[in-house]
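Start at 1 and go down the list; that is how both ligands and their atoms are numbered. Count residues from 1 along the sequence. Computed from a prediction, not measured in an experiment: that's the story for all the values here.
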Amino acid sequence: MPGFEFFGEEERKEVNDVLATGILMRYGFDGARKGIWKSKELEQAICSKFHCGFAQLTSSGTSALTTALAALGIGAGDEVIMPSFTFVASFEAVLSVGAVPVVVDVNESLTLDPVAVRKALTSATRCIMPVHMCGSMADLDALQEICRDHHLILLEDACQSIGASYKGRRLGTIGDAGTFSFDFVKTVTCAEGGAVLTNDQSIYLKCDGYTDHGHDHIGQDRGAELHPFIGYNYRISELHAAVGLAQFRKLDDFLSIQKKNHQYLQSELSKIPELKFRIIPDPAGDSHTFLSWFMPTRELTELLVDELKAQQIFGGNFYWFEHNWHYIRKWVHLKEGKTLNRLTEAQSKALMKLKTQDFSKSDAIMGCCISTAIGLGWTEEQRIEKGAKLSAAIRKILGNHAVPSSSRELNSVS
Ligand SMILES: Cc1ncc(COP(=O)(O)O)c(C=O)c1O
């Protein structure tokens, strides 16, 4: 799945270009850098490949989210609706701008349930933040309709879905803004980095300044630049951007390998009638980084996880329900409001509510879900072995513990 599986000469060449000039910073030093501007080049490459107006690179996906929220004007007391299944960065970014994370259920797409979103709306809601988890997408038509009806901002977290699309448009370019992560385990990696995408020039200009201490980037004398507003240092370095550029050029190859491996694995698991697959709102747009599937009940899922661990073939499979980073159930530090700096009253109240909020719908889905990461470097043999071992373990559990279809937990959710 991650681009680091395919590092090579291309990455080395781009990094060496930067090292040859010695200018590791993305701004300034115009003469000394001898025309080498890797960050700008990567921003332009993203815009032209994804038909997007503007891209601003950042130091990480988390800082991309923070930057996007700030540039969209979201701050103290504003409520941001986010899913129960995501990465901790979602609420970290919301809290960091003084806003209030409102966590709601996911559906079988493993992304925001539009019905749950509508129920969570209040007069303080400013933004809906779908997270396009595991390479696929949220139901953007339904979420855009809610945004239109209630004059809300749509911020797409596409950190895990670089290159995926929805109805012909790339994820991250559809909402008011979108974000990517280029951290070490992402489809395109540069070790640490991210990007904000937008088609609105005024939002882009805010991102440009915000990630560099509020600099207006006008003129060629960095020391003389003005600061129309306060910003921070969320800059990417030229070295990171250089790696990202080489990786980004390989994106189409990554996506086609993932698709081939994903299709094989799905065809193998499809032979087991008891399994269901994640709902994908636009199957043609999947980036195929993961194959996510459901066992009939949570109990069977847990037995399968134990079986896969016992056979030492659990690696590459993710049972998010038990995962500390990705699912509300294990976000104890969030529910207890454990921050180093003081929270606002609105934030504290919202976090307290999470302790008792009913997430049984999400639990029923996530408790039965396993996601299998799709490797880029699998050989034909490894792909076949993966499919065979996984299928055999699933059949073993289902064979030993038959479950009447009426008792399937997932059936009661949808
Ligand atoms: C959905 C999602 N959002 C945001 C991030 C944050 O990205 P980064 O690790 O680059 O800060 C991640 C990283 O895993 C992620 O998966």
N/O pairs closer than 3.5 Å, ligand 1 and protein:
residue  : atom   : partner : partner atom : Å
ligand 1 : 3 (N)  : Asp157  : OD1          : 3.4
ligand 1 : 3 (N)  : Asp157  : OD2          : 2.7
ligand 1 : 7 (O)  : Ser181  : OG           : 3.3
ligand 1 : 9 (O)  : Asp183  : OD2          : 2.7
ligand 1 : 10 (O) : Gly61   : N            : 2.7
ligand 1 : 10 (O) : Ser181  : OG           : 2.7
ligand 1 : 11 (O) : Gly61   : N            : 3.3
ligand 1 : 11 (O) : Thr62   : N            : 2.9
ligand 1 : 11 (O) : Thr62   : OG1          : 2.5
ligand 1 : 14 (O) : Lys186  : NZ           : 2.6
ligand 1 : 16 (O) : Gln160  : NE2          : 2.9

Quiz item: With no hydrogens and no angle check, do the side chains of Ser59 and Glu192 hold a donor and an acceptor under 3.5 Å apart?
Solution: no
Quiz item: Strictly by modelled atom types, are Glu156 and His132 linked by a side-chain donor-acceptor pair under 3.5 Å?
Solution: yes
Self-check item: With Phe85 via ring-ring contact (aromatic ring centres under 6.0 Å, His included) - residues at least two apart
Solution: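 In terms of ring-ring contact (aromatic ring centres under 6.0 Å, His included), with neighbours along the sequence ignored, Phe85 is linked to Trp320.
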Quiz prompt | Trp37: partners by side chain to side chain contact (heavy atoms under 4.5 Å, CB included), with sequence neighbours left out | solution = Asp30, Arg33, Lys40
Exercise. Applying side chain to side chain contact (heavy atoms under 4.5 Å, CB included), name anything that partners Ala89, two or more places apart in sequence or on another chain.
Key: Thr62, Leu65, Phe87, Glu92
Quiz item: Can the ring centres of His333 and Phe91 be said to be less than 6.0 Å apart?
Solution: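 When the ring centroids of His333 and Phe91 are compared, they turn out to be within the sub-6.0 Å range.
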